[in-house]
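Just so you know, these numbers come straight off a predicted model, no measurement behind them.
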Amino acid sequence: MTSPSTRLGVDIGGTFTDIVLETGGQSFSSKVLTTYAAPEDAIIDGMHQVCAKAAIRPAQIDQIIHGTTLATNALIERRGAKTALITTEGFRDVIEMRTESRFEQYDLNLTLPEPLLPRHRRFTVPGRVDARGQILVDLTRADVEAVVDQVAQGGFASVAVGLIHSYLNPAHERLVRDVLAERLPDISVSISSEVSPQMREYERFNTVVANAYIKPLMASYLGRLEDRLRGEGADCPIFLMHSGGGIIGVQDAAQFPVRLVESGPAGGAVFAAHIAARHGIDKVLSFDMGGTTAKICLIKNQTPKTSRVFEVARTYRFKKGSGMPISIPVIDMVEIGAGGGSLAHVDAMRQIRVGPESAGSEPGPACYGRGGDRPAVTDADLVLGKLDADNFAGGSIQLHAPQSEAALSTHIGATLEMAAPTAAFGLAEVVDENMANAARVHAVENGEDLSDYTMIAFGGAAPLHAGRLCEKLGIARCLVPPGAGVGSAIGFLRAPFSFEANRSVYMKLSDFDPETIQALLMELKSEATGFVRGCAPTGPILAEFKVYMRYTGQGWEIPVTLTEAQAMAPDRATFEARFEEDYTKLFGRPVAGMDIEITVWSVNATTPPIPVDPVAAMEGTAPAATTGTRPVFDAAASRFVDAALHDRDALIPDQRAPGPAAITEAETTIIIPASRDAICQPDGCIDMVTKG
């Protein structure tokens, strides 16, 4: 497949919309404030800015790759379409009953999150399929028509269909969909056997409900975006980043919008993996801090860790289990409410708390001068000298330090009897410790020691905080790539076209059936390849095979990767050996004498990765030129220090900038603590390393 010569990457975040244009071997970028009422307005504005920088017209753009938080925000803010759920009799309350898990077991007043749909919007039909896919009680067209008549009276815009064990036998769900299409042709319909054909009805029902809930919204947005871009002359193919780290077409995105829920963060992980591959680093902690959230992801062997289930809209201090489970392929990461716009307050215990509430772009932090009067992380960074008020976002946004000081004094200083700089120090330390603690927990859950890792920091706010985070985590090295402030948008341009097809079919190794396995994996490969071929009509498509296995009696599975040869010629001994190998890596030893079972089968079809040019590391033997100094607060020393100022564009490979220092660029600023030095590498990465 011939690569398009001019490509545009667009990432809509909670505060900024990032635009990156790559053409003729050059890259041009811009950050504009996100326009909530019509997100496409910010895209058009940013597109014209980068086109002007590149001296091209929008009509010369060959391809647009887009990621957005629109789907996520719609779920968090509960502003999707009026949606109904049709499910099996007796299972109406599954999404409300949840599981037996308590995410805060010692809280006697624990309040569980409300389901996305209230009970009166959930309807049931007779009919029953058993755990082997056999029909126990038939479902007739008359049964379905009676329920569809009730749905028609409710004035719903979208319907989710989730029937018990439909992942094994989707016949009943397809019948419901067909009747809905005949009787209510204007209603959007999602069925769980297509959206998430996996076992565990709570997760599957939630996923199909979420898909139906945001489907009309995303279809409308994508349609408007295509029309606006075409009207501006950019009449080119548009693709979207999905949560699993690949790219899908607009039509597939409109059909399965739930797969876009983590599209922006996924782009960041792909960006970090690409940098890791260029530098030959096998263990990476990806740190992406934007205006609203911070995302932390483990990347091993240049591949982000993936998962089949994640949670969105956590309601209880971002605790696992307090959100809405979404069962789709996703890059596994921790996301916390810690961004440049995260707001701070003092709680009843006289402790500073930061996030998850964010000032966003409207009105934004107090220093934006747009009406915000509460202190955000950006206000603390400005007061601590990390930001230049006259050169924020490339000079496009003027910051106002007096308003930051007033907000910090009013909301933190007055209560805790401290001056604005001290309040800013406290705010910054709290948010940094929140992120460090999230990274520690994530590493422990995955059996990893972060002292062996290299951090790759990107996002508008990450380079401001990465040095302090490394100090807290004991990480010796941090890379800040070129374009770090728009890293996720760059990641979109590095991502392959891909789609993962999966299905739950239960099988014990004692009942191993090679013919059934081979047929199932070939069917999944064909399904996944079909999605990718719709985006990439020519060129090779690779297939990655996974099976999810566990010992009989265990509650959850581990992913086991197979080669194509192992998948196409299934062998019981090979499956058992691969499972025990991976199980031992995670838990130290296998369990003797127990049968093993497979619950989920998965095939990910993907275009080949973009080739990388290896980078030979430099030691930093030449001093970097400075443009002056300014006071910057050093958290480790608890005082202001004179930091040398450097222009990133003026740095050349092998130059060293000793800390304390600040390296400025259009989209962000890199703060080098006194404990670190910065080395400019051949590819433009700033390599922040421990002194000595």
Side-chain angles (χ1 to χ4, degrees), residues 4 6-23 26-35 39-54 56 58 61-72 225 229 234 236-243 245-248 253 260 262-275 286-295 297 304 331 339-340 361 393-394 396 456-463 480-496 610 665-668 684:
T6 302
R7 306 172 76 211
L8 189 76
V10 180
D11 177 29
I12 296 182
T15 304
F16 286 100
T17 293
D18 298 340
I19 314 288
V20 174
L21 179 73
E22 290 188 346
T23 180
Q26 292 183 291
S27 179
F28 304 89
S29 63
S30 180
K31 293 178 80 74
V32 297
L33 289 171
T34 295
T35 49
E40 61 272 22
D41 290 347
I43 295 176
I44 300 301
D45 183 14
M47 178 184 70
H48 283 299
Q49 289 186 27
V50 293
C51 283
K53 292 178 182 179
I56 69 168
I61 298 173
D62 298 313
Q63 189 181 85
I64 296 175
I65 313 291
H66 179 27
T68 176
T69 60
L70 190 62
T72 310
L225 178 62
L229 288 169
C236 61
I238 303 172
F239 301 97
L240 282 100
M241 188 79 185
H242 63 69
S243 306
I247 302 168
I248 56 176
L260 306 178
E262 288 289 282
S263 64
V270 171
F271 177 59
H274 183 78
I275 299 298
S286 168
F287 171 44
D288 175 5
M289 184 179 180
T292 305
T293 58
K295 283 77 66 175
C297 175
I331 290 179
S361 63
S396 62
I456 295 180
F458 55 94
V480 183
V486 291
S488 289
I490 296 174
F492 298 161
L493 303 178
R494 305 288 177 267
I610 295 175
E665 57 183 294
E667 289 91 13
T668 187

Asks: Would you please name every residue forming a side-chain contact (heavy atoms from CB on, under 4.5 Å) with Ala253, sequence neighbours left out?
Replies: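 In terms of side-chain contact (heavy atoms from CB on, under 4.5 Å), with neighbours along the sequence ignored, Ala253 is linked to Leu222, Leu240, Ile248, Leu260.
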Asks: Between NZ of Lys31 and CD of Glu667, what distance do you get to the nearest 0.5 Å?
Replies: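 So the NZ of Lys31 and the CD of Glu667 are separated by 7.0 Å.
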Asks: Counting N and O atoms only, with roles assigned by atom type, does the side chain of Ser263 sit under 3.5 Å from a partner on the main chain of Ser243, one being a donor and the other an acceptor?
Replies: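 The answer is no, because no donor-acceptor pair under 3.5 Å joins these two groups.
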Asks: Could you tell me which residues satisfy side-chain contact (heavy atoms from CB on, under 4.5 Å) with Pro482, sequence neighbours excluded, listed by chain and number?
Replies: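 side-chain contact (heavy atoms from CB on, under 4.5 Å) check on Pro482 returns Arg648, Cys685.
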Asks: To the nearest 0.5 Å, what is the distance between CD on Gln63 and CZ on Phe239?
Replies: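 Those atoms lie 5.0 Å apart.
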Asks: How would you list, by chain and number, every residue that makes a side chain to side chain donor-acceptor pair (under 3.5 Å) with Thr68, sequence neighbours excluded?
Replies: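 Partners of Thr68 under the side chain to side chain donor-acceptor pair (under 3.5 Å) test: none.
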Asks: Tell me every residue that passes side-chain contact (heavy atoms from CB on, under 4.5 Å) with Ala462, counting only those two or more places apart in sequence or in another chain.
Replies: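 So Ala462 forms a side-chain contact (heavy atoms from CB on, under 4.5 Å) with Phe287, Met289, Ala457.
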Asks: Suppose we screen for side chain to side chain donor-acceptor pair (under 3.5 Å). Which residues come up paired with Thr17, at least two apart in sequence or across chains?
Replies: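 Thr17 satisfies side chain to side chain donor-acceptor pair (under 3.5 Å) with Thr34 once adjacent residues are dropped.
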Asks: Could you tell me which residues satisfy side chain to side chain donor-acceptor pair (under 3.5 Å) with Asp11, sequence neighbours excluded, listed by chain and number?
Replies: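 Residues passing side chain to side chain donor-acceptor pair (under 3.5 Å) with Asp11: none at all.
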Asks: Which pairs count as salt bridge (charged side-chain N to carboxylate O under 4.0 Å, His left out) when at least one residue sits in residues 481-494, sequence neighbours excluded?
Replies: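 Residue pairs with at least one partner in residues 481-494: Glu22-Arg494.
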Asks: Measuring from Leu21:CG to Leu493:CG, what's the distance to the nearest 0.5 Å?
Replies: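 Here the interatomic distance stands at 9.0 Å.
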Asks: Not counting sequence neighbours, which residues clear salt bridge (charged side-chain N to carboxylate O under 4.0 Å, His left out) with Glu40? List them please.
Replies: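 Expected list: Arg224.
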Asks: Would you check if Pro237 and Ile64 make a side-chain contact, meaning some heavy-atom pair closer than 4.5 Å?
Replies: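 Of all side-chain heavy-atom pairs linking Ile64 with Pro237, none is under 4.5 Å.
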Asks: Between atom OG1 of Thr6 and atom CD1 of Ile56, what is the distance when rounded to the nearest 0.5 Å?
Replies: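 Reported value, rounded in 0.5 Å steps: 5.0 Å.
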Asks: According to side-chain contact (heavy atoms from CB on, under 4.5 Å), who are the partners of Pro58, at least two apart in sequence or on a separate chain?
Replies: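 In terms of side-chain contact (heavy atoms from CB on, under 4.5 Å), with neighbours along the sequence ignored, Pro58 is linked to Met47, His48, Cys51, Ala234.
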Asks: Could you list the residues that satisfy ring-ring contact (aromatic ring centres under 6.0 Å, His included) with Phe28, not counting sequence neighbours?
Replies: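 Counting only residues at least two positions away or on another chain, Phe28 forms no ring-ring contact (aromatic ring centres under 6.0 Å, His included).
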Asks: With a 4.5 Å cut-off on side-chain heavy atoms, are Ile12 and Leu70 touching?
Replies: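 Contact flag for Leu70/Ile12 side chains = no.
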Asks: Could you tell me which residues satisfy ring-ring contact (aromatic ring centres under 6.0 Å, His included) with Phe458, sequence neighbours excluded, listed by chain and number?
Replies: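 Scan of Phe458 (ring-ring contact (aromatic ring centres under 6.0 Å, His included), adjacent residues dropped) gives Phe271.
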Asks: Using side-chain heavy atoms (C-beta onward) and a distance below 4.5 Å, is Asp18 in contact with Ser29?
Replies: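 In short, these two side chains do not touch, never coming nearer than 4.5 Å.
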Asks: Side chains of Val20 and Val50, heavy atoms from C-beta outward: is any pair under 4.5 Å?
Replies: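 Result no, sub-4.5 Å side-chain heavy-atom pair not found.
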Asks: Not counting sequence neighbours, which residues clear side chain to side chain donor-acceptor pair (under 3.5 Å) with Gln49? List them please.
Replies: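 With neighbours one apart ignored, the set is Ser30, Asp45.
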Asks: Could you give the distance from OG (Ser488) to CE (Met241), rounded to the nearest 0.5 Å?
Replies: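 Between atom OG of Ser488 and atom CE of Met241 there are 8.5 Å.
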Asks: About how many Å separate CG of Leu229 and CD1 of Ile238, when rounded to the nearest 0.5 Å?
Replies: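 Ile238 atom CD1 to Leu229 atom CG measures 4.5 Å (nearest 0.5 Å).
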